[in-house]
Each structure stands twice: as structure tokens, then as C-alpha cells.
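Heads up, the thing below is written out as C-alpha cells.
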Amino acid sequence: MVKAVIAIHGGAGAITRSAMSVEKEQRYRLALKEIVACGQKILADGGSALDAVTEAVRLLEECPLFNAGKGAVFTHQGTHELDASIMDGRTLEAGAVAGVSRIRNPVLAARAVLEHSPHLLFIGAGAEQFAASQGMEQVEPDFFSTPERREQLQRALQSQQTLLDHDGEAQSQSDDPLDPDRKFGTVGAVALDLNGNLAAATSTGGMTNKQAGRVGDTPLPGAGCYASNESAAISCTGTGEVFIRLLAAYDVAAQMTYAGLSLAEASRKVVQEKIPALGGSGGLVAVDKQGNVALPFNSEGMYRGYAYVGGDVDVAIYRES
């Protein structure tokens, strides 16, 4: 019997326990739990892995606690540029959009590319035009803005750094459980459905103070997102340039296929050895065709959660001893 399961992540990074409030932490845990439970229900009702990851990531985009969709970070130029991708493990079909600023839910646009276009990746205005032709909801760019993200940009501009590489000198005054100035804000989901099919989806607002036009690993299948029924579904969060250089998501699946490694072994090797060796940081969530789940990260924490059909929802933020 297939062990249908969904796993999600909402970003990884450095923990500032001293700045954390119990109330804020509970908001994160509740959001993670509700989103995992929604994906779990889709799978329990016989829905596809593709539908489960699409809806989970859409909900993450709608939650301003996370850096995707509403609550996306600002570029150096004070704009928003969002990326997303999705991949179907059954067919190896994928869809992606990059550098969009008017599509309310980039993951839905990526799904539309997968299903209704001969192309795989659309960027910028072309992506927005395609999404509009498919009936995707369009919004004004300031829809994604929040006061917290604007403050984050101001700190970044003062320190003259992109906050992915923030050295912590400009300590955040927020009560975010993970320091928002040192957090990789990608969100993602992976799932195995009752029919044994795998899927993965990833979405992000990028990194605070990035140059306009910069694209990370999120919209690149094989780098930030990958799914194959022969091996596993993987969604990454972290130092995008390093994940691209390593084709991190595909590398997990490739090591399983070619080296015979288990999901746990392959994920550990990529996250704990290969990525740090190139100066990268972050993590991933993954599920294999047997329903095994892996949630490794080399940063201090990662928002994450998972649930099997018929099982309890498990969510966590910090490193477990």
C-alpha cells in the first residue's frame, strides 16, 4: 500500500531565540500545520500529488509570514520579483515563471505553463501575459508589500549587503523566530499520492536587496525543484547560486538512481557536504517513491512540516537534538 504523504518548507536560516516571542512562533507553527493538513486532505480524498503541492504552495504564497507571494522581499530597486516552478514526477513535465511582479500566485502560473504551454519557463512581462491569457489573477505590484519587508530592505541598504549573506551586525528588531535578515525565504512542497505519483513545487520572492533581474534556483527544475517517479520529489531553499551550480534537487535523485543511495543518504550528502563545500547554506524537503521523507538543513533552523494520510501533522522550526 502506498504511504501517501506531503511535506513542506517555508524557508531556512539563522535563529534569534532572544528576539523570539511565543506568540509569533505559534503563528508560524499554526500556519505550517494548517497548510500541511490541507495538502494531507487533498491526498486522502484521492487528489494528485500535483494538486497537493500546488495548493500547499499557493497557501504559503498567501501567508505574509513567508517570502513568497504576499510578503515577498524587496529588490535593491524597491520592487518585487517572484519566481516559481512545479514538476510532475509521473511525466517529468515541468512549468516555471521568473521575475514576475503582477501574478498573485506564481505557482498557479507555473502550473498553467506545465499544462497549457509547449514551453517550460516564462520570464517577466511574457510570463505575466501568458498568465493573464490563462485567467490568472493579476494584482498591482504593491500587493506583495508589507511593512516588515520594507524595513528589512532599509536595513539591507544601510548595511550595503544582500541579506542572504548578512553578517548579523544590523540585528533585526522583529520577533521572527528565524532572523529575517538571515533567512532563505523560499517555500515549497513535495508529495506522494495514493497512486504512487510524485510532485514538487517551489516559490520565492528571492533575497532582500538582490539586484533586479537576478534569478535563483527556485524556477529552475533540477536546481530548486525536481520530481521523478523513479526516485524522489525535492524542493530546496537556500543560497540559490550554489544550488544552481550543484543542480542540488536533481543531485539528490541522481545519487539515488546511479549510486543506489537512500533518500536520507542522498539528501544528507547534498545538504551537509556538497552545499557547504561551496559556501552555501539552506535545506530541502524530499519524499521518495516508497513514501520516506527527508527534511535536512545545514542552517540553524528551517520552517517545515509533513503528514502521512491517516497520520498526525508534524511541524518544526529549530534543529532537533
Side-chain angles (χ1 to χ4, degrees), residues 10-11 50 53-88 93-146 149-150 152-153 162-164 184-189 200-225 235-237 240-241 243-244 249:
L50 203 60
V53 299
T54 300
E55 181 61 7
V57 172
R58 187 192 72 80
L59 290 170
L60 286 161
E61 289 175 344
E62 289 290 319
C63 181
L65 292 172
F66 304 104
N67 171 25
K70 182 72 173 179
V73 299
F74 286 88
T75 66
H76 179 78
Q77 288 76 10
T79 59
H80 298 288
E81 294 184 347
L82 288 69
D83 310 322
S85 65
I86 189 166
M87 189 161 180
D88 185 346
E93 292 178 326
V97 295
V100 300
S101 60
R102 294 179 178 273
I103 301 172
R104 177 168 180 154
N105 294 111
V107 72
L108 296 184
R111 175 74 180 266
V113 174
L114 183 155
E115 294 183 329
H116 304 297
S117 172
H119 306 310
L120 190 152
L121 172 63
F122 282 90
I123 65 168
E128 290 167 355
Q129 290 166 9
F130 173 80
S133 75
Q134 296 298 312
M136 302 286 105
E137 182 176 353
Q138 307 286 299
V139 295
E140 291 300 314
D142 63 3
F143 167 83
F144 304 108
S145 305
T146 64
R149 295 303 189 197
R150 192 171 291 282
Q152 195 173 331
L153 174 63
T162 57
L163 293 187
L164 192 64
F184 314 117
T186 307
V187 307
T202 312
S203 181
T204 190
M207 58 185 186
T208 295
N209 201 28
K210 70 177 182 178
Q211 287 299 313
R214 177 262 186 186
V215 176
D217 63 308
T218 294
L220 304 179
C225 179
S235 176
C236 302
T237 174
E241 284 72 9
F243 279 69
I244 294 171

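Here the straight-line distance linking atom CE of M207 with atom OG1 of T186 works out to 10.5 Å at 0.5 Å rounding. Atom CD of E93 is separated from atom CG of L120 by 9.5 Å, given to the nearest 0.5 angstrom. Atom CG in N105 sits 7.0 Å away from atom CD in E137 (nearest 0.5 Å). Note that CD of E115 is 9.5 Å distant from CD of Q134, once rounded to the nearest 0.5 Å. Between atom OG1 of residue T204 and atom CG of residue D83 there is a gap of 6.5 Å, rounded to the nearest 0.5 Å. Atom CZ of F130 is separated from atom CD1 of I103 by 9.5 Å, given to the nearest 0.5 angstrom.
In this structure, the side chain of T146 does not engage the main chain of G71 through any donor-acceptor pair within 3.5 Å. In this structure, the side chain of N67 engages the main chain of G206 through a donor-acceptor pair within 3.5 Å. Within the 3.5 Å criterion, the main-chain N or O of R102 finds a donor-acceptor partner in the side chain of E128. The backbone N or O of T218 sits less than 3.5 Å from a side-chain atom of S85, completing a donor-acceptor pair. Side chain of K210 to main chain of H76: no donor-acceptor pair is present (N/O by atom type, distance under 3.5 Å, no hydrogens or angles). Side-chain atoms of Q77 come within 3.5 Å of backbone atoms of A212 as a donor-acceptor pair (strictly under, hydrogens ignored). Checking side-chain atoms of T79 against main-chain N and O of T75 turns up no donor-acceptor pair under 3.5 Å.
Side-chain contact between L153 and V73 is absent, with no heavy atoms from C-beta onward closer than 4.5 Å. For the pair V53/I86, a side-chain contact is recorded, criterion being any heavy-atom separation below 4.5 Å from C-beta on. Residues T237 and V187 form no side-chain contact, since every pair of their non-hydrogen atoms from C-beta on lies 4.5 Å or further apart. Two residues are said to be in side-chain contact when any heavy atoms from C-beta on lie closer than 4.5 Å; E241 and R214 meet this criterion.
Contact record, A201 with S235: O-OG, 3.3 Å, taken as the closest heavy-atom pair. Heavy-atom minimum distance, F66 versus R149: C-NH2, 3.4 Å. In plain terms, the two heavy atoms of A72 and G205 that are nearest each other are CB-CA, 4.0 Å. Across all their heavy atoms, Q138 and A132 have their closest contact at NE2-N, 3.7 Å. Shown here for C236 and D217, the closest heavy-atom pair between the two residues is CB-OD2, 3.9 Å. Heavy atoms only, all atoms of each residue included: A98 and P219 are closest at CB-CG, 4.0 Å.
Side-chain atoms of N209 and Q152 include no donor-acceptor pair closer than 3.5 Å. Side-chain contact of S101 with E81: a donor-acceptor pair under 3.5 Å is absent, judged by distance alone. When only modelled atom types and interatomic distance are considered, H80 and S145 share a side-chain donor-acceptor pair under 3.5 Å.
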List the steps, then state whether side-chain contact (heavy atoms from CB on, under 4.5 Å) holds for V113 with F122.
CA-CA 8 Å; V113 174; F122 282 90; 3.7 Å; yes
Is there a side-chain contact (heavy atoms from CB on, under 4.5 Å) between V139 and F144 once you walk through the steps?
CA-CA 9 Å; V139 295; F144 304 108; 3.7 Å; yes
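The pair R58-E55 counts as a salt bridge, with a side-chain nitrogen and a carboxylate oxygen less than 4.0 angstrom apart. We find that R104 and E62 are joined by a salt bridge, their nearest charged nitrogen and carboxylate oxygen being less than 4.0 Å apart.
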